[in-house]
Amino acid sequence: MDKAYDHAIVEDRIYKTWEEKGYFKPEINPDGAPYSIILPPPNANAPLHFGHAMYVVEDILIRFNRMKGLAALWVPGADHAGTETQFVFEKKLKEQGKSRLDYDRDTLYQMIWDYVHENRGGMENQLRRLGFSLDWSRMKFTLDPDIVKIVYSTFKKMFDDGLVYRANRLVNYCTFDGTSFSDLEVVNMEKEGLLYFIKFPIKEGGFITIATTRPETLVGDVAVMVNPEDARYKDLIGKTVILPIVEREIPIIGDDYVKMEFGTGAVKVTPAHDFNDYEIAKKHNLSYPPIIGFDGRMKNTNTELDGLYVKQARVKIFELLKEKDLLEKEEKHHMVIPTCYKCKNVLEPLPKEQWYIKMEPLAAKGIEAVKNGKIKIHPDTFEKVYMQFLENIRDWNISRQNVWGIRIPAWFCEKCSNWEIKDDGAPEKCSKCGSKDLVQDIDTFDTWFSSSQWPFATLMTTHARDYEKFYPTTVMETGYDILRWWVARMIMVGLYATDKIPFENVVLHGLVNDPLGKKMSKSKGNVVNPMELVDQYGADAVRFALIYGTALGHDQALSYPKLEAMRKFSNKLWNMGRFIEMNKPENLKLKTQNLEELKEFATNKTDKEWVEKVASLIKEVTENIENYQFHFAAESLYEFSWHQFADIYIEDVKNRVDENSYVVLVSIYSILLKLLHPFMPFITEEIYQKLPHHGESIMIASWLNNG
RNA sequence: GGAUCCUUAGCUCAGUUGGUUAGAGCGUUACAUUGACAUUGUAAAGGCCAGUGGUUCGAGUCCACUAGGGUCCACCA
């Protein structure tokens, strides 16, 4: 053995061997009970980040259970990541001076398809470099035709069951990305803004001053509203206000929604561009067409405002009001603005027809499944977050105006306005009126709608009988940050579509932050590429550092000293092996013993004690992994290997080594390597292969017995 | 405004159902060692466990409140 462990020459070679030998397939344990995890599919065309490196938790579980003899299946996948990918692609277009609007739908789709496929394979190889024992023969992509077909049938089933409906409502619309979003995707940004106090002339004489943060929308107002209890204004209810600039007449109405103490106690009502006003106007039977278009420009005002972007319109209207002396004052105002989670621009509430899913019946089952313990969430503190989300669930807007995604299989009949939903191709004619004048909805599904079906969609389409054998899956492991976006929806949709829970356990890991504890983000420029650390420290050290010293579900700051410590730990392990190899007796006849055999074999009193010690270590590590307390297992292994086994036992045996005690030494070491293998797969395999009488591979060695 | 997590050694973090002198890694100090060890070993220093009050024979751990930080949710114009 070389003097020091060099991960660079070991890892790639070992992974290839594993893959070639088929060790990643559950068929390696044909008689084992099923154990399955579906990998949260990373974006198909983007490199991995530290969130993905945390999937090491899944590899630990898979390797551990495989060694225990279970038919352990870990299914890899790639996500088309609709909004994300189109956003990135459009940025590329912009660099070339182009935009999505320069292409028709099919051309743009094809361009993105080509772009994604040019970049395919990168993240898969990065997962390999991390040592992940994924069954690549079962790899799935969210746009695989068989997956799409399943997504279609789920949608159709929901439609047939009355869970899908189309509604014209205000949606959160990004005029830059050109799509609407669900409530979850809205990022509320706190900002210091201005509250404008504007005098509206009253037809019957005098003025009423309203306070607003959005003066430009006054051209779309339908009313001025006051609290009927408000002594200042109650006599004005029923009178008429003449809107400045557009000179349109609107009523003053009363509604106790208005808080008297805020602003002036009088508020303008813009139904087409504010969620509250939309509800209020509906209640009072008032309406006015939108004055902001999907391009973010003003329209329908018949004034010089038309064609201006909202921001420009605000400046313009400010000037106009000032000219007419209708602007009383502005105050600084702390406000919360809905912004686009991708491009960070301000979202406009705009009225649009979209497909919605009725969530309440689905949520009820999701709540039940966790309450009755069929699905367990680890750590259990996240149950509260889950419940809070499901108990306050709102209907889910699943329409996206993206091109990159699964197109909604809904056809509109131009003749009778009927919607046809099909899961097996375009309908020939309208089932209501027989017309052949059908047009498919141009929208695509929210990526999370198809993702919510991932556990069963994958297993139904990987290998024959996979679904029967491996569904429900054993564990869904992911970052807690997508508990609501993804995990909760998988539970709801999974229960609905398959009538079974999609997984028995939810295991949630924390975030990896930068060394200063700040969230990594591209805009902050503090993103660390996990692959660079794998190059530098080795996959095993990176894996161990991510697990060691951080409780499940807790965030951690990336620590270079810790990575260095774990690299040294690798080297220490290596040198323990090196010592053992160098002290191998000539013509060693006795074979390595498993734990049970060792108990008989060890005759020396000290050796006997060490056999007991390692027996309790096995118990401890096993229990900790089974309880998802990986950091405890990692700490015990680190401490025992280094400060017990190396510092004390090896030092002791050094002076009295004979063939018998040597076998005890090798055997204990071999057990240690096996216990460490789920955490540090590469180095443990490399050393294992050098031990006397070793098995075929440590990967498929038995957790407790020889093999 | 609501929810939730966090505050433990200089730094990054563990501390599992409350139980004798509170732990690890890195860093610091002293000594030793070329040993299986691009090092390692031995030893040491370093902590009113954020604060206050409570429950208890006993609290870092449970409860209440306070202060600071993070995250998530929320339609106050």
Side-chain angles (χ1 to χ4, degrees), chain A residues 1-6 170 172 183-184 186-188 193 195-198 210-215 217-218 221 224-225 257-270 273-280 333-336 338 349 379 381-385 387-389 392 394 480-481 483-485 510-511 513 515-519 544-545 548-583 620 623-624 627-629 631-632 634-636 638-639 642-643 646-648 650-651 654:
Chain A
M1 284 170 83
D2 293 334
K3 208 169 176 197
Y5 174 64
D6 184 358
L170 290 193
N172 309 293
D183 299 311
L184 270 189
V186 176
V187 177
N188 289 306
L195 188 61
Y196 299 84
F197 290 74
I198 302 167
I210 58 95
T212 180
T213 54
R214 299 204 60 185
T217 61
L218 74 84
D221 285 357
V224 168
M225 185 163 65
Y257 165 79
V258 180
K259 299 225 165 88
M260 291 185 267
E261 62 281 6
F262 187 88
T264 62
V267 56
K268 62 194 225 37
V269 182
T270 322
H273 303 289
D274 183 285
F275 286 98
N276 299 313
D277 293 4
Y278 179 80
E279 294 302 322
I280 296 273
H333 181 57
H334 186 78
M335 49 203 270
V336 178
T381 55
F382 287 106
E383 261 187 34
K384 287 177 196 156
V385 181
M387 289 299 175
Q388 197 193 359
F389 175 57
N392 301 298
R394 293 202 233 163
Y480 67 76
D481 52 327
L483 173 60
R484 287 162 311 149
W485 292 55
L511 275 38
N513 292 320
L516 299 172
K518 301 283 175 218
K519 199 168 174 173
F544 213 72
Y548 185 96
T550 304
L552 183 70
H554 288 245
D555 295 351
Q556 61 179 309
L558 188 67
S559 162
Y560 290 98
K562 188 153 93 171
L563 283 161
E564 182 58 21
M566 294 313 158
R567 191 195 59 74
K568 284 184 181 167
F569 179 54
S570 308
N571 196 53
K572 185 72 183 182
L573 278 177
W574 179 260
N575 274 289
M576 285 151 59
R578 189 155 171 262
F579 171 83
I580 286 169
E581 191 198 44
M582 288 168 81
N583 286 278
E620 192 184 340
E623 283 175 2
N624 285 328
N627 294 325
Y628 309 106
Q629 307 215 285
H631 65 301
F632 286 146
E635 280 159 24
S636 309
Y638 180 95
E639 208 277 336
W642 197 322
H643 302 300
D647 287 353
I648 302 173
I650 290 186
E651 291 303 320
K654 232 178 203 175

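In what follows, every chain begins at residue 1, and chains take the letters A, B, ... in the order their sequences are listed.
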Trainee: Could you check which nucleotide pairs with C62(B) in any of the strands shown, counting Watson-Crick or G-U wobble with both distances under 3.5 Å?
Mentor: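 By the stated definition (distances under 3.5 Å), G54(B) pairs with C62(B).
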Trainee: Would E564(A) and R567(A) pass as an ion pair if we require N to O under 4.0 Å?
Mentor: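 Salt bridge present between E564(A) and R567(A).
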Trainee: Between atom CZ in F382(A) and atom C1' in U71(B), what is the gap in whole Å?
Mentor: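 After rounding, the gap between these two atoms is 10 Å.
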Trainee: In terms of the nearest nucleotide of RNA chain B, which residue is placed more toward the 5' end: W642(A) or G577(A)?
Mentor: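 The 5'-side residue here is G577(A).
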Trainee: When all nucleic acid strands are considered with a 4.0 Å heavy-atom cut-off, which category describes V385(A): base, sugar-phosphate, or nothing?
Mentor: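 Nothing: the residue V385(A), judged by heavy atoms under 4.0 Å, touches no strand.
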Trainee: Please round to the nearest 0.5 Å and tell me the distance separating atom CZ of R394(A) and atom CG of L184(A).
Mentor: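 Those atoms lie 9.5 Å apart.
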Trainee: Are N575(A) and A38(B) close enough that a side-chain N or O sits under 4.0 Å from OP1 or OP2?
Mentor: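 Answer yes for this pair, as a side-chain N or O of N575(A) is under 4.0 Å from OP1 or OP2.
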Trainee: K518(A) has an atom NZ; how far is it from atom P of G69(B), in whole Å?
Mentor: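 It works out to 11 Å between those atoms.
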Trainee: Grab the CZ-P distance between F579(A) and U34(B) for me, whole Å please.
Mentor: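 These atoms are roughly 16 Å apart.
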Trainee: Answer with yes or no whether E651(A) presents, from its side chain, a donor or acceptor under 3.5 Å of a partner atom in the base of A36(B).
Mentor: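 Under the 3.5 Å cut-off, the side chain and the base do form a donor-acceptor pair.
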Trainee: Taking any strand in view, what nucleotide pairs with A24(B) in a Watson-Crick or G-U wobble way, both distances under 3.5 Å?
Mentor: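 The answer is U12(B), by the H-bond criterion.
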Trainee: Which base sits across from A3(B) as a Watson-Crick or G-U pair, both distances under 3.5 Å?
Mentor: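 WC or wobble partner is U71(B).
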Trainee: Can you measure K384(A) atom NZ to U71(B) atom P for me and round it to whole angstrom units?
Mentor: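 My rounded result for the distance is 20 Å.
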Trainee: Can you label the angle between the Y480(A) ring and the F382(A) ring as parallel, tilted or perpendicular, going by 30° and 60°?
Mentor: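 Correct class here is parallel.
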Trainee: Report the nucleotide, chosen from A74(B), A36(B), C76(B), that has the shortest atom-to-atom distance to any side-chain atom of Y257(A).
Mentor: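 Side chain of Y257(A) sits closest to C76(B).
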Trainee: Of all the choices, A77(B), C5(B), C73(B), which nucleotide is nearest to the side chain of T381(A) once you look at every atom?
Mentor: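 Nucleotide nearest to T381(A)'s side chain: C5(B).
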Trainee: Quick test: give all pairs of protein nitrogen or oxygen and nucleotides 15-25 of chain B nitrogen or oxygen below 3.5 Å, distance rounded to 0.1 Å.
Mentor:
| from | atom 1 | to | atom 2 | distance (Å) |
| --- | --- | --- | --- | --- |
| G15(B) | OP1 | H631(A) | NE2 | 3.2 |
| U16(B) | O2 | Q629(A) | OE1 | 3.3 |
| A24(B) | O2' | Y548(A) | OH | 2.5 |

Trainee: Side-chain N or O of R578(A) less than 4.0 angstrom from OP1 or OP2 on U40(B)?
Mentor: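 No, no such contact exists.
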Trainee: Look at the side-chain N and O atoms of R214(A) and state whether any lies under 4.0 Å from the OP1 or OP2 oxygen of A77(B).
Mentor: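 Answer no for this pair, as no side-chain N or O of R214(A) is under 4.0 Å from OP1 or OP2.
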Trainee: With P as the reference atom in both, quote the distance from C73(B) to U17(B) in angstrom, rounded to an integer.
Mentor: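 One P to the other, the span is 30 Å.
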Trainee: With syn defined as a glycosidic angle within 90° of 0 and anti as the rest, where does A38(B) land?
Mentor: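 Syn, angle within 90° of zero.
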Trainee: Using whole Å, report how far OH of Y480(A) lies from P of C6(B).
Mentor: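 These atoms are roughly 12 Å apart.
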Trainee: What distance, rounded to whole Å, do you find between the two C1' atoms, one in G70(B) and one in A59(B)?
Mentor: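 About 26 Å, rounded to a whole number of Å.
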Trainee: Considering only atom C1', compute the distance from C72(B) to G58(B) and round it to an integer number of Å.
Mentor: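 One C1' to the other, the span is 38 Å.
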Trainee: Quantified in whole Å, what is the C1' atom distance between nucleotide C5(B) and nucleotide C26(B)?
Mentor: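 Going atom to atom, C1' in each nucleotide, I get 26 Å.
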Trainee: Give none if G41(B) has no partner; otherwise give the nucleotide forming a Watson-Crick or G-U wobble pair with it, both distances under 3.5 Å.
Mentor: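 WC or wobble partner is C31(B).
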Trainee: Judged by each residue's nearest nucleotide on RNA chain B, which is more toward the 5′ side, Q556(A) or N583(A)?
Mentor: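 It is Q556(A), whose closest nucleotide lies nearer the 5' terminus.
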Trainee: Less than 6.0 angstrom separating the ring centers of F262(A) and H333(A), yes or no?
Mentor: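 Yes - the distance between ring centres of F262(A) and H333(A) falls below the 6.0 Å cut-off.
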Trainee: Taking pairing as Watson-Crick or G-U wobble with both contacts under 3.5 Å, can you name the mate of G47(B), or confirm there isn't one?
Mentor: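 G47(B) is unpaired by these criteria.
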Trainee: Taking the P atom of each, how far is G69(B) from A44(B), in whole Å?
Mentor: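 Per the computed distance, 39 Å lies between those P atoms.
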Trainee: What is the distance from CG of N571(A) to P of U40(B), rounded to the nearest Å?
Mentor: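 About 8 Å, once rounded to whole Å.
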